Amino acid sequence: MEIIYNNDKLILNEGETGFSLIKRLDLKNKLDILVYKLNGELYDLATPIKSEGEFSFVTKTDPEAFTILNHDSAHLLAQAVLSLYPDAKFGIGPAIKEGFYYDIDFGSVVINDDDLVKIERKMSELSKEDHRISMKLVSQQEALEIFKNNEYKVELINEITDRITVYTQGNFTDLCYGPHMPSTRYVKFFKLLSLAGAYWRGDAKRKQLTRIYGISFFSKEELDAHLHNLEEAKKRDHRKLGKELGLFMLSEYGPGFPFWLEKGMSLYHELEHWWISKQRRDGYEFIKTPTLLSRDLWEISGHWANYRDNMYTTKIDEKDYAVKPMNCPGSILIYNNSLHSYKDLPIRLAEHGNVHRHEASGALNGLFRVRNFTQDDAHIFCRRDQLQSEIKRLLKLYDEVYKTFNLSYHIELSTRPENKYIGDLKTWNESEKALAKACVAFGIPFKVNEGDGAFYGPKLDFKLRDSIGRIWQCGTIQLDMNLPERFDISYIDRNNKKVRPIMLHRAVFGSIERFIGILIEHYAGAFPLWFAPEQISVLPVNNEAHLKYAAKLNKKLINLGLRSSLNGANEKLGYRLRQSQIAKIPYTIVIGDREMNENLVTYRKFGKEDQITVPYKDFIAMIRREIKNKA
RNA sequence: GCCGACGUGGCUCAAUUGGCAGAGCAAUUGAUUUGUAAUCAAUAGGUUGCAGGUUCAAGUCCUGUCGUCGGCACCA
């Protein structure tokens with residue numbers, strides 16, 4: 001039998017394993033080899049190479065290495081837990097993008113953060129003890145016997161239809177497909193990060209297990225760098241910055257209902273004004289629909305039946321009302337307010353609509369998940385033949401918006417769910433094709449999530465990537481085959497017949513509140529000039545000599561439409577400069593004798609340490625240019 | 001909603017085994033008039049989230065409750 005290895009044919013010995021091959025080839029980097037890969041599948045080094053094909057060794061630097069290491073780390077965690085808590089029962093323990101976790105039933109024992117430290121120490125011990133990790137193929141009967149005291153594994157075993165393998169290291173044996181590295185000593189640089197409750201098999205009706213999260217790397221440097229990044233992420237937490245920069249607040253009197261402070265409201269207004277002007281340019285008509293609408297409407301839309309628990313309702317004059325959790329029904333009422341000709345389409349109704357949803361208390365999170373937020377919503381009513389071009393327009397608009405904030409993104413297309421869906425197949429196929437085709441035409445790649453669409457239609461989701469690499473789902477374009485039927489909307493075609501238009505829902509930010517939260521973290525509170533709540537701070541060097549002039553200059557800047565403020569506190573210049581740095585104000589200008597007498601401006605830009613002196617009009621020109629370029 | 005942790009001046013945090021609630025920053029007042037990240041001094045600021053309980057005595061222990069955080073579930 002022969003394999004292709006390093007582009008060469010290699011004849012295998014009888015019963016050759018990864019280990020024996022490493023030995024035979026006398027590979028220098030043998031300690032870096034984790035597993036081997038045969039025809040794209042990964043195997044333990046101890047497993048005999050069973051067929052011909054493309055062969056390679058996977059080393060610490062290969063893309064698969066991180067997952068393998070973290071999967072091994074989950075096993076090491078379990079081994080450590082078992083030795084400290086012999087009665088613990090194990091659920092599942094996979095590697096994930098951000099490391100690994102293991103779901104464990106500790107019985108009546110309560111685990112806290114101090115225990116994590118103990119477990120971590122035990123893991124290090126077990127790692128040093130260099131336990132061999134060995135795999136064994138077993139029958140279902142044997143597997144059931146091995147895990148007879150663990151109802152979780154038994155449940156899993158009963159569902160497995162192909163081969164069952166178990167992995168053993170020391171006295172810990174786990175049900176696992178593998179692959180694993182040869183021994184526990186490969187897991188060396190790791191950290192247990194947090195403790196959480198997690199429902200068995202993700203089902204809220206089933207038992208909650210204790211989940212331990214951790215992450216593992218091949219070097220101390222990588223681990224330290226990762227921990228450092230976590231610290232950095234904490235520093236830009238929008239809740240922390242929101243407090244420090246005076247942007248918004250939360251109150252126990254309204255959990256999940258954010259209060260906007262003056263500076264935060266400035267962000268909000270800037271963002272909204274800019275965004276409204278872009279949408280007007282693109283042919284959107286702005287509307288506003290009521291916050292409180294009668295139950296009858298929500299029954300037609302289907303929300304009363306499906307989301308009543310998450311809606312705020314009230315009784316007025318013996319009639320039920322609900323605070324709107326969505327803007328669509330209101331928008332449709334406006335569409336239905338008049339007859340529409342095929343010539344009028346597409347009609348693009350936009351509403352920055354303030355909605356309330358009673359989210360579960362445990363779901364609330366700063367501005368990211370709130371009970372009162374504003375959707376930058378729009379509903380597009382168009383003809384079938386306009387669908388393609390409408391989507392293309394949207395892609396262009398989304399691209400422009402996200403690029404303005406320096407956010408890169410990727411698109412995911414979710415298609416028709418297998419069983420539960422409404423509408424006819426023809427429309428589904430046509431719409432999915434239109435969404436895909438528009439992406440291709442726009443020249444942007446997309447990922448397909450088969451069967452992940454809403455029951456009422458396919459959608460495109462936009463996943464943004466921020467300045468430190470985190471992914472946020474914001475924008476969405478959804479085709480709706482449900483509401484047009486329920487509200488019986490139509491337009492009159494050229495044959496004078498009533499025809500059902502296509503309805504698109506679209507939001508680019510998703511929620512303005514959440515988007516601002518994301519931008520706070522993305523910019524770490526140091527907003528670009530056009531967007532910053534305070535753009536310029538004017539500091540007179542000496543209050544007696546320069547305050548008057550500085551105040552005049554500040555007034556001048558304000559009259560030019562700039563958000564400028566004077567800092568004439570009785571403090572040293574250094575102290576006031578520090579204040580503007582802490583407030584992350586883009587430009588701090590210092591006014592002294594020279595500036596006053598020669599009409600100059602000495603400025604320091606946030607994030608830079610040098611001071612630059614220029615004529616006043618050059619400074620204004622520069623500021624204007626920067627604002628215009630949204631830099 | 002569920003599991004776990006936490007809740008002390010505006011902010012960040014102290015307070016031995018239960019034993020007089022304290023500091024820095026911010027604020028106010030006064031002095032100082034400052035050229036690129038903290039001038040000096042004084043003053044004021046608290047029913048320790050809230051409601052009960054145990055105790056001679058509770059920030060500390062117990063019960064309940066509200067809120068926040070890390071996750072899970074949920075996210076039209």
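Below, chain A is the first sequence line, B the second, and so on; all start at residue 1. These figures come from a predicted structure and were not determined experimentally.
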Colleague: When only distance counts, do a donor and an acceptor, one from the side chain of A:Arg576 and one from the base of B:rA37, lie under 3.5 Å apart?
Modeller: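 By the distance-only test, no, there is no pair.
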Colleague: Indicate, with a heavy-atom threshold strictly under 4.0 Å, whether A:Ser361 touches base, sugar-phosphate, or nothing.
Modeller: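 It contacts base atoms.
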Colleague: Taking CG from A:Leu116 and C1' from B:rA5, how many angstroms apart are they, rounded to a whole number?
Modeller: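 Checked: the CG to C1' distance equals 12 Å.
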Colleague: Using OP1 and OP2 only, check whether a side-chain N or O of A:Arg211 sits under 4.0 Å from B:rC3.
Modeller: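 Result: no.
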Colleague: Please determine whether a side-chain nitrogen of the Lys or Arg among A:Arg486 and A:Asp488 lies less than 4.0 Å from a carboxylate oxygen of the Asp or Glu.
Modeller: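 Result for this pair is no, no salt bridge flagged.
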Colleague: What nucleic acid atoms does A:Asn365 come within less than 4.0 Å of, heavy atoms only: base, sugar-phosphate, or nothing?
Modeller: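 Touches sugar-phosphate only.
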Colleague: What nucleic acid atoms does A:Ala196 come within less than 4.0 Å of, heavy atoms only: base, sugar-phosphate, or nothing?
Modeller: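 Base contact.
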Colleague: Over all strands shown, is A:Lys243 touching base, sugar-phosphate only, or nothing at heavy-atom distances under 4.0 angstrom?
Modeller: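 The residue A:Lys243 makes sugar-phosphate contact but no base contact.
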Colleague: Can you tell me whether the side chain of A:Tyr253 and the base of B:rG67 have a donor-acceptor pair closer than 3.5 Å?
Modeller: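 Donor-acceptor pair under 3.5 Å: no.
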Colleague: Between A:Tyr312 and A:Phe257, what is the ring plane arrangement, given parallel below 30°, perpendicular above 60°, and tilted in between?
Modeller: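 Rings of A:Tyr312 and A:Phe257: tilted, 30 to 60°.
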Colleague: For atom C1', what is the distance between B:rU28 and B:rG45, given to the nearest Å?
Modeller: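 One C1' to the other, the span is 10 Å.
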Colleague: Please classify the nucleic acid contact of A:Arg369 as base, sugar-phosphate, or nothing, using heavy-atom distances under 4.0 Å.
Modeller: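 Here A:Arg369 touches the bases of the nucleic acid.
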Colleague: Just how far, in rounded Å, is P of B:rC75 from CZ of A:Phe455?
Modeller: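 These atoms are roughly 12 Å apart.
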Colleague: Take atom CG of A:Asp103 and atom C1' of B:rA73, then tell me their distance rounded to the nearest Å.
Modeller: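 Rounded to the whole Å, the gap is 13 Å.
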Colleague: At 4.0 Å (heavy atoms only), tell me whether A:Thr602 reaches a base, stays on the sugar-phosphate, or touches nothing.
Modeller: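 Touches a base.
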Colleague: Return yes if the base of B:rC66 and the side-chain atoms of A:Glu252 contain a donor-acceptor N/O pair under 3.5 Å, otherwise no.
Modeller: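 No, no donor-acceptor pair under 3.5 Å.
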Colleague: Would you mind reporting whether A:Arg576 and A:Pro540 have side-chain heavy atoms less than 4.5 Å apart?
Modeller: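 Yes, side chains in contact.
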Colleague: Would you say A:Asn542 places a side-chain N or O within less than 4.0 Å of OP1 or OP2 belonging to B:rU34?
Modeller: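 Answer yes for this pair, as a side-chain N or O of A:Asn542 is under 4.0 Å from OP1 or OP2.
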Colleague: A:Glu609 near the nucleic acid: base, sugar-phosphate alone, or nothing, with a heavy-atom cut-off under 4.0 Å?
Modeller: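 Nothing: the residue A:Glu609, judged by heavy atoms under 4.0 Å, touches no strand.
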Colleague: With sugar-phosphate meaning primed atoms plus P, OP1 and OP2, does A:Gln473 contact a base, only sugar-phosphate, or nothing at under 4.0 Å between heavy atoms?
Modeller: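 No contact.
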Colleague: Looking at A:Arg514, A:Arg236, A:Arg470, which hits salt bridge (Lys or Arg N to Asp or Glu O under 4.0 Å) with A:Glu521?
Modeller: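 Checked A:Arg514, A:Arg236, A:Arg470 against A:Glu521; only one passes salt bridge (Lys or Arg N to Asp or Glu O under 4.0 Å): A:Arg470.
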Colleague: Mind checking if A:Pro255 touches a base, just sugar-phosphate, or nothing, with heavy atoms under 4.0 Å?
Modeller: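 Sugar-phosphate: the residue A:Pro255, judged by heavy atoms under 4.0 Å, touches backbone atoms but no base.
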Colleague: For A:Gly574, report the nucleic acid contact type (base, sugar-phosphate, nothing); a contact means any heavy atom under 4.0 Å.
Modeller: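 The answer is sugar-phosphate, as A:Gly574 gets under 4.0 Å only of primed atoms, P, OP1 or OP2.
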Colleague: Look at all strands and tell whether A:Asn570 reaches a base, only sugar-phosphate, or nothing, counting heavy atoms closer than 4.0 Å.
Modeller: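 If one applies the 4.0 Å heavy-atom cut-off, A:Asn570 turns out to touch a base.
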Colleague: In whole Å, what is the span from the CG atom of A:Leu195 to the P atom of B:rG71?
Modeller: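 Spelled out: CG on A:Leu195 to P on B:rG71 is 12 Å.
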Colleague: Within the structure shown, what part of the strands sits under 4.0 Å from A:Gly202 by heavy-atom distance: base, sugar-phosphate, or nothing?
Modeller: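 Sugar-phosphate, no base atom in range.
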Colleague: Looking across every strand, which nucleic acid part, if any, lies under 4.0 Å from A:Gly366 by heavy atom: base, sugar-phosphate, or nothing?
Modeller: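 The answer is sugar-phosphate, as A:Gly366 gets under 4.0 Å only of primed atoms, P, OP1 or OP2.
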Colleague: Looking at A:Glu351 and A:Lys288, is any side-chain nitrogen of the basic one under 4.0 Å from a carboxylate oxygen of the acidic one?
Modeller: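 Result for this pair is no, no salt bridge flagged.
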Colleague: A:Leu364 near the nucleic acid: base, sugar-phosphate alone, or nothing, with a heavy-atom cut-off under 4.0 Å?
Modeller: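 If one applies the 4.0 Å heavy-atom cut-off, A:Leu364 turns out to touch the sugar-phosphate alone, with no base involved.
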Colleague: Could you measure between the two C1' atoms, the one in B:rG18 and the one in B:rU55, and give it in whole Å?
Modeller: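 Each nucleotide's C1' atom is 9 Å from the other's.
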Colleague: For atom P, what is the distance between B:rA44 and B:rG7, given to the nearest Å?
Modeller: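 The same atom, P, in both gives a distance of 29 Å.
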Colleague: Do A:Glu534 and A:Arg563 come close enough that some side-chain heavy atom pair is under 4.5 Å?
Modeller: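 Contact flag for A:Glu534/A:Arg563 side chains = no.
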